[in-house]
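Here is the structure we will look at.
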There are 2 protein chains.
Amino acid sequence: MTAVSPTVCSVKHALSGQMEAGSKVTVRGWVRTRRDSKAGLSFVNVTDGSCFDPIQAVAPATLANYESEVKHLTAGAGVIVTGTLVPSQGKGQAFEIQADSVEVTGLVDDPETYPIQPKQHSMEFLREVAHLRPRTNLFGAVTRVRHTMMTAIHRHLTEQGFFWINTPIITTSDAEGAGEMFRLSTLDLANLPRTPDGKIDFRKDFFGREAFLTVSGQLNVEAYCLAMSKVYTFGPSFRAENSNTARHLAEFWMVEPEIAFADLTANADCAEGFLKAIFKAVLDERADDMAFFAERVQSDAISRMEAFITKPFERIDYTDAIEILKKSGEKFEYPVAWGIDLQTEHERYLAEKHIGRPVVVMNYPEAIKAFYMRLNDDGKTVAAMDVLAPGIGEIIGGAQREERLDYLDRRMAQFGLDTATYGWYRDLRRYGTVPHAGFGLGFERLLVYVCGLSNIRDAIPYPRAAGTAEF
Amino acid sequence: MTAVSPTVCSVKHALSGQMEAGSKVTVRGWVRTRRDSKAGLSFVNVTDGSCFDPIQAVAPATLANYESEVKHLTAGAGVIVTGTLVPSQGKGQAFEIQADSVEVTGLVDDPETYPIQPKQHSMEFLREVAHLRPRTNLFGAVTRVRHTMMTAIHRHLTEQGFFWINTPIITTSDAEGAGEMFRLSTLDLANLPRTPDGKIDFRKDFFGREAFLTVSGQLNVEAYCLAMSKVYTFGPSFRAENSNTARHLAEFWMVEPEIAFADLTANADCAEGFLKAIFKAVLDERADDMAFFAERVQSDAISRMEAFITKPFERIDYTDAIEILKKSGEKFEYPVAWGIDLQTEHERYLAEKHIGRPVVVMNYPEAIKAFYMRLNDDGKTVAAMDVLAPGIGEIIGGAQREERLDYLDRRMAQFGLDTATYGWYRDLRRYGTVPHAGFGLGFERLLVYVCGLSNIRDAIPYPRAAGTAEF
C-alpha cells in the first residue's frame with residue numbers, strides 16, 4: 001500500500017464540498033479556538049483567512065505532540081494540520097479533519113495578553129492593534145469584501161472597455177481646490193535654501209518647484225480620456241484636512257471614470273451600472289461575510305444591497321429637489337433655498353424619505369460647483385450630478401466637463417485660475433475637443449456602507465488621519 | 001420604411017467582424033488622417049483608442065458639411081461618424097464605414113502647430129506633451145498593454161486566492177532602508193514651529209511626528225499575510241533618489257505578493273507563474289499592439305515573450321552563480337568574488353549568455369541583503385532570490401522572511417534598528433509565527449521590457465523624476 005500524499009489546500013477549498021470525503025488534506029493557518037473533550041481528544045478550529053468559517057480539526061490524544069503542544073494551543077497559534085477530510089458530526093460546517101498530525105509553527109507568546117482573544121473587542125481597541133486586527137472575524141470579512149469590491153471595479157470597467165490610467169500621486173498643481181494638500185519635499189528643514197529676498201527657494205527642491213500630494217486625478221485622466229475614450233484612475237488620494245471625524249481620512253482610495261462623448265445622462269447611466277456591478281459582486285462572491293455583517297453589524301446589510309440592485313435609480317433636477325425639500329414640511333437645520341449646496345440632512349431626506357431608493361440629483365447652480373463643469377443652456381446651472389443613496393447620502397459626484405474653450409476660460413477667470421498653469425488642460429479643448437463626462441467615488445465610504453461600519457478608519461488597513469499614522 | 005437607428009460602438013467592435021456588413025453604426029473618435037480622392041470623396045481614418053487600428057470612413061461630397069467641415073479635418077479633430085459598415089475595398093482593415101454623416105465636435109486650433117502630427121516624433125519631444133502623447137500610435141499601444149498587464153496581475157492573483165491589501169502611502173517609519181524618502185508635511189515652512197532647544201517641532205505637524213512617502217508596503221502587508229495567508233499590495237511607491245537615468249522614477253508602481261507557509265522554492269514558483277500569467281495575457285489580449293512593437297520597436301518583442309512562457313525558469317544558487325561567473329572568461333567591470341552583490345553585467349551574463357532563459361538566483365550572502373530575510377542553516381546566506389531575465393536583468397527580488405524572533409532581533413541589532421519602532425513587526429513573530437515569503441516587482445520596468453522602450457519615463461502616464469513633475 002502506498003501512502004497518498006495529502007493535498008495542501010485552503011480552508012475555503014476544504015469546506016467547499018469540492019473534495020471527496022476521505023481525502024487526505026493539509027490545511028495551514030491559525031488557531032481560533034481549542035476545546036478538549038473528556039474522551040481525550042481536542043477540537044481545534046483553524047482559520048486561514050480564505051473564507052469566513054474556520055475548519056475544525058479533531059486531534060486525538062495519540063498524536064505524539066498531543067500533551068506537549070496540542071494541549072497548549074491558544075488563539076492565534078500557527079499550525080499545519082494533516083489528516084482525513086470527513087463529514088462533520090456536529091453542527092456548523094459540513095466537513096472537518098480527523099488529524100493525523102498537528103505541526104505547531106509558532107505558539108502565542110503570553111496567551112493571557114495576546115490582544116486578539118476569541119471574544120468581541122471594541123473597534124477603538126482594534127485600531128490600536130491594526131497589525132493584528134485582520135485576525136478577527138470582522139476585519140477578515142472587511143478585508144475580503146474590500147478585495148471583492150476593488151477587483152469588481154477593475155473587472156466591470158475592463159468589461160465595459162475602460163482602461164486603467166495611473167495618474168500621478170505627486171503633483172505640482174496646487175489650485176484645483178478639491179481640498180487641503182500635503183507638501184512633499186526633500187529640502188533640509190533645519191537649513192532651508194533661500195532666494196536673495198529671503199523666501200524659500202523651491203528651485204532647490206527635488207522637483208525644482210513646490211510639490212504636493214494629489215487630491216484628484218481627474219484633470220490628468222481627462223487627457224487620456226480624450227485619446228482612449230473610456231478611462232479611469234483608481235488609486236490613493238489625499239486631504240490634509242484637520243477634521244477628526246468618522247467620515248474623513250487623510251489617505252483614501254478614489255476611483256474616477258471618465259468617458260468621451262458622454263453627456264450627463266450617459267454619465268449617470270454609467271454610475272448606476274457601476275454601483276450595481278460592485279454590489280452584485282459582493283452578493284455573489286461574499287455571501288459568507290455578508291451573512292456575518294447582517295447578523296452582527298447591520299441587519300439589512302444584504303437586503304438593502306439587493307434593493308439597490310433591483311430598482312432603477314430615480315433622477316431629478318436640483319431645482320425640483322429644492323421644491324420637494326421646501327414642500328416637505330421637515331424642519332431642516334440648514335434652510336432650503338435655490339442656490340444652496342445640499343446638506344446631508346437634505347440628501348438623506350430625498351433618498352430615504354421622499355424617494356426611498358438611490359437618486360441622481362442633476363444640474364446644480366454653477367456658483368457652488370467646480371470650474372471644469374459644463375454650463376447648461378440656462379446660464380445658471382452646470383451639468384453636475386450627485387448620486388444619493390438611502391443610508392449613505394452622497395456616494396458619487398460627477399459632471400459633464402466644459403469642453404468649449406471660451407466657456408472654460410470664462411469659468412477659470414471667475415475662479416481666479418491662471419490660464420498658463422492650465423495650458424495643458426486648455427489644449428484638450430483646443431485640439432479636437434469632444435463632449436465628455438465622469439465621476440468620482442471615494443472607495444472607503446462605499447465599503448463603510450456595505451459592511452455597516454460606523455467609522456471609516458475601519459475600512460482601510462492602516463488609517464491615516466490628523467495625529468494618526470501608526471504602523 | 002422605418003429608419004434603423006445606428007448602433008453606437010467602439011472602433012474595435014466595428015472592426016471585429018462581430019457586426020454584420022450592412023449594419024448602421026456610429027463611431028466616435030479622433031481623425032488620424034484625411035485623404036481626398038479626385039472622385040470627390042474623402043477617406044477619413046478615425047481612432048478612438050479602443051484598439052490599435054483606426055477605421056476608415058468614406059465621406060461622400062454629398063454630405064451637407066462636406067465643403068465647410070469635412071474637407072478641413074486634420075489629425076486630432078473630434079468627429080462622430082454615422083453610416084453603413086461595409087467590407088473594405090482597399091488593403092488594411094476588413095471593414096470601413098460609408099458615412100451618412102460626419103459630425104465635427106472640435107477642429108484643431110492651428111493644425112500647423114498641433115504637436116501630434118501623423119509622423120514619427122522623438123520620445124523626448126513627446127514627454128514634453130505628455131497630455132497629448134496617448135494620441136500617438138506608440139503611446140496608445142503602451143497604454144493598452146499597461147492596462148492589460150495591470151489587470152492581469154489582479155486577475156491572476158485573485159484566481160490564486162490572493163487578497164489585494166492597500167498598504168499605506170504615508171508612513172512614519174523611515175528606517176527600512178529601501179531608499180531615500182520624501183518628507184511630507186503641512187507645517188508652514190516660512191514659520192516652522194520649534195522646540196525649546198531650537199529643533200523643528202514635528203509634534204505640531206499633521207500626524208504629530210515626521211512623515212514620509214512609502215518605499216515599500218512589504219512590512220505592512222506581512223501583517224495581513226499572517227492573517228489572510230495570501231495577499232499582495234499593489235500601488236505607487238516612491239524614491240527620492242537624485243538619479244537622472246533611463247531606469248529610475250521618483251514615483252512608480254510596485255506589486256508585492258506575500259505568501260504564508262511558503263519557503264523560497266514556493267516563492268520562486270509563485271514568481272514564475274506570476275510573470276508567465278502577465279505575459280500570456282499580453283500575448284492573448286494585445287496581439288495588435290504587440291505586432292506594432294515587433295514591427296517598429298523591438299523585432300523579437302513577441303517571440304521573446306513566447307520563449308519566456310514556454311520554458312521553465314532555471315534556478316541556481318548564488319554560490320554556484322559566482323563560480324559560473326568566475327569561470328566564464330568574461331572581462332567584467334566589477335570583479336567577481338563570493339560576497340559581492342551581482343551587477344547588471346553579471347546578471348545579464350547569467351541570464352543571456354550562460355543560461356539563455358530566465359533564471360532565479362537564490363541564497364545570497366546575508367551581509368548584502370535586508371534585515372528581514374531568513375538566515376539559512378549555513379549561517380552565512382539568507383533565503384533571498386532575484387529573478388533575472390534576458391534583456392532585462394533583475395526583474396523580481398524576493399525572500400523568505402525571518403519568522404524566528406530571536407534571529408530577527410539579532411539581524412535588527414546588526415542593522416542598528418530600534419526594536420521599539422518595530423514592536424508591531426516583532427509581534428508578528430511573537431504571536432503564532434509561521435514561515436512566509438514574498439517578492440516585489442517594479443511594474444514600469446516590466447512594461448519597459450514588454451514594449452521594448454528605452455526609457456522608463458515612457459512607461460507611466462506622467463513621469464516624476466528629479467526636476468520633473470509637469471502636468
Side-chain angles (χ1 to χ4, degrees), chain A residues 10 28 30 48-50 76-78 105-106 108-109 114 131 134-135 143 147 150-151 154 158 161 163-166 168-170 172 182-186 189 192 200 206-208 211 220 223-224 227-229 236 240 251 253 261 424 427 430-434 460-462 464 466-467 469 471, chain B residues 10 28 30 48-50 76-78 105-106 108-109 114 131 134-135 143 147 150-151 154 158 161 163-170 172 182-186 189 200 206-208 211 220 223-224 227-229 236 240 251 253 261 424 427 430-434 460-462 464 466-467 469 471:
Chain A
S10 65
R28 308 177 298 191
W30 294 268
D48 66 357
S50 61
T105 61
V108 166
D109 185 10
Y114 177 54
H131 61 307
R135 301 177 178 206
T143 301
H147 173 82
M150 293 198 91
T151 51
H154 285 304
T158 300
F163 297 106
W164 186 13
I165 307 301
N166 299 106
I169 303 302
I170 297 172
T172 51
F182 290 100
R183 173 191 303 283
L184 64 106
S185 175
T186 54
L189 296 190
L192 288 166
I200 293 157
F206 190 87
F207 296 108
N220 290 105
Y224 270 74
M228 313 299 295
S229 297
E251 174 180 335
W253 280 64
F261 299 98
W424 67 271
D427 276 356
R430 290 176 60 210
Y431 299 137
T433 193
V434 309
I460 194 164
Y462 300 92
R464 271 77 177 100
F471 307 103
Chain B
S10 65
R28 308 177 299 191
W30 294 268
D48 67 356
S50 62
T105 61
V108 165
D109 186 10
Y114 177 54
H131 60 308
R135 300 175 179 207
T143 302
H147 173 82
M150 293 198 89
T151 51
H154 285 304
T158 299
F163 297 105
W164 185 14
I165 306 301
N166 300 105
T167 54
I169 303 301
I170 298 172
T172 51
F182 289 101
R183 172 190 303 285
L184 64 107
S185 174
T186 55
L189 296 191
I200 292 155
F206 190 87
F207 296 107
N220 290 106
Y224 271 73
M228 314 299 295
S229 298
E251 174 180 334
W253 280 63
F261 298 99
W424 67 271
D427 276 356
R430 290 177 59 210
Y431 298 138
T433 193
V434 309
I460 194 164
Y462 300 93
R464 271 76 179 99
F471 310 103

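In the text below, chain A, chain B and the rest are named by the order of the sequence lines, each starting its count at 1. Not measured: the values here are computed from a predicted model. No hydrogens, no waters, no symmetry mates; every other heavy atom, side chains included, goes into these values.
Heavy atoms closer than 4.5 Å to chain A are found in the backbone of B:Ser50, but not in its side chain. When heavy atoms are compared at a cutoff of 4.5 Å, A:Ala466 approaches chain B by way of both its backbone and its side chain. With a 4.5 Å cut-off on non-hydrogen atoms, B:Ile200 touches chain A through its side chain but not through its backbone. Both the backbone and the side chain of B:Pro168 have a heavy atom closer than 4.5 Å to some heavy atom of chain A. With a 4.5 angstrom heavy-atom cutoff, B:Ala211 does not touch chain A via any of its atoms. For B:Trp424, the parts lying under 4.5 angstrom from a heavy atom of chain A are both the backbone and the side chain.
Using a 30° and 60° split on the angle between ring planes, A:His154 and B:His154 fall in the parallel class, below 30°.
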Discussion item. Assess the residue pair A:Phe182 and B:Phe182 against the criterion (ring pair (Phe, Tyr, Trp, His ring centres under 6.0 Å)); give the C-alpha distance rounded to whole Å, side-chain angles, the decisive distance to 0.1 Å, and a yes or no.
Written reply: CA-CA 12 Å; A:Phe182 290 100; B:Phe182 289 101; over 10 Å; no
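Between B:Met150 atom CE and A:Thr158 atom OG1 the span is 11.5 Å, to the nearest 0.5 Å. Going from atom CZ of A:Arg464 over to atom OG1 of B:Thr172 covers 6.0 Å, rounded to the nearest 0.5 Å. Taken from OG1 in B:Thr167 to CD1 in A:Ile460, the straight-line distance is 9.5 Å, to the nearest 0.5 Å. A distance of 11.5 Å separates CG in A:Leu184 from CZ in B:Arg183, rounded to the nearest 0.5 Å.
Closest approach of A:Tyr224 to B:Pro134, counting heavy atoms only: CE2-CB, 3.5 Å. Among all heavy-atom pairs drawn from A:Phe207 and B:Ala469, the shortest one is CD2-CB, 3.6 Å. Closest heavy-atom contact between A:Arg135 and B:Ala227: CG-CB, 3.7 Å. The two residues A:Ala223 and B:His131 make their nearest non-hydrogen contact at CB-O, 3.4 Å. Of all non-hydrogen atoms in A:Leu192 and B:Leu189, the two that sit nearest each other are CD1-O, 3.6 Å.
Each of B:Gly106, B:Ser10, B:Gly78, B:Ala77 has some count of heavy-atom pairs under 4.5 Å with chain A, and the biggest count is that of B:Gly106. Contact count against chain B (heavy-atom pairs under 4.5 Å) is highest for A:Ile169 among A:Val108, A:Ile169, A:Thr143, A:Thr151. Ranked by heavy-atom pairs under 4.5 Å with chain B, the list A:Gly49, A:Gly432, A:Ser229 is led by A:Gly432. Between chain B and the options A:Phe471, A:Tyr462, A:Trp253, heavy-atom pairs under 4.5 Å are most frequent for A:Tyr462. Comparing B:Asp48, B:Thr186, B:Ile165, B:Asp427 by how many heavy-atom pairs each has under 4.5 Å with chain A, the most go to B:Asp48.
In this structure B:Tyr431 satisfies the ring-ring contact (aromatic ring centres under 6.0 Å, His included) test together with A:Tyr114, sequence neighbours excluded. For A:Thr105, there are no side-chain hydrogen bond (donor to acceptor under 3.5 Å, both in side chains) partners, not counting sequence neighbours.
Within the 4.5 Å cutoff, no side-chain heavy atoms of B:Ser185 are placed close to those of A:Ser185. For the pair B:Val434/A:Arg28, no side-chain contact is recorded, criterion being any heavy-atom separation below 4.5 Å from C-beta on.
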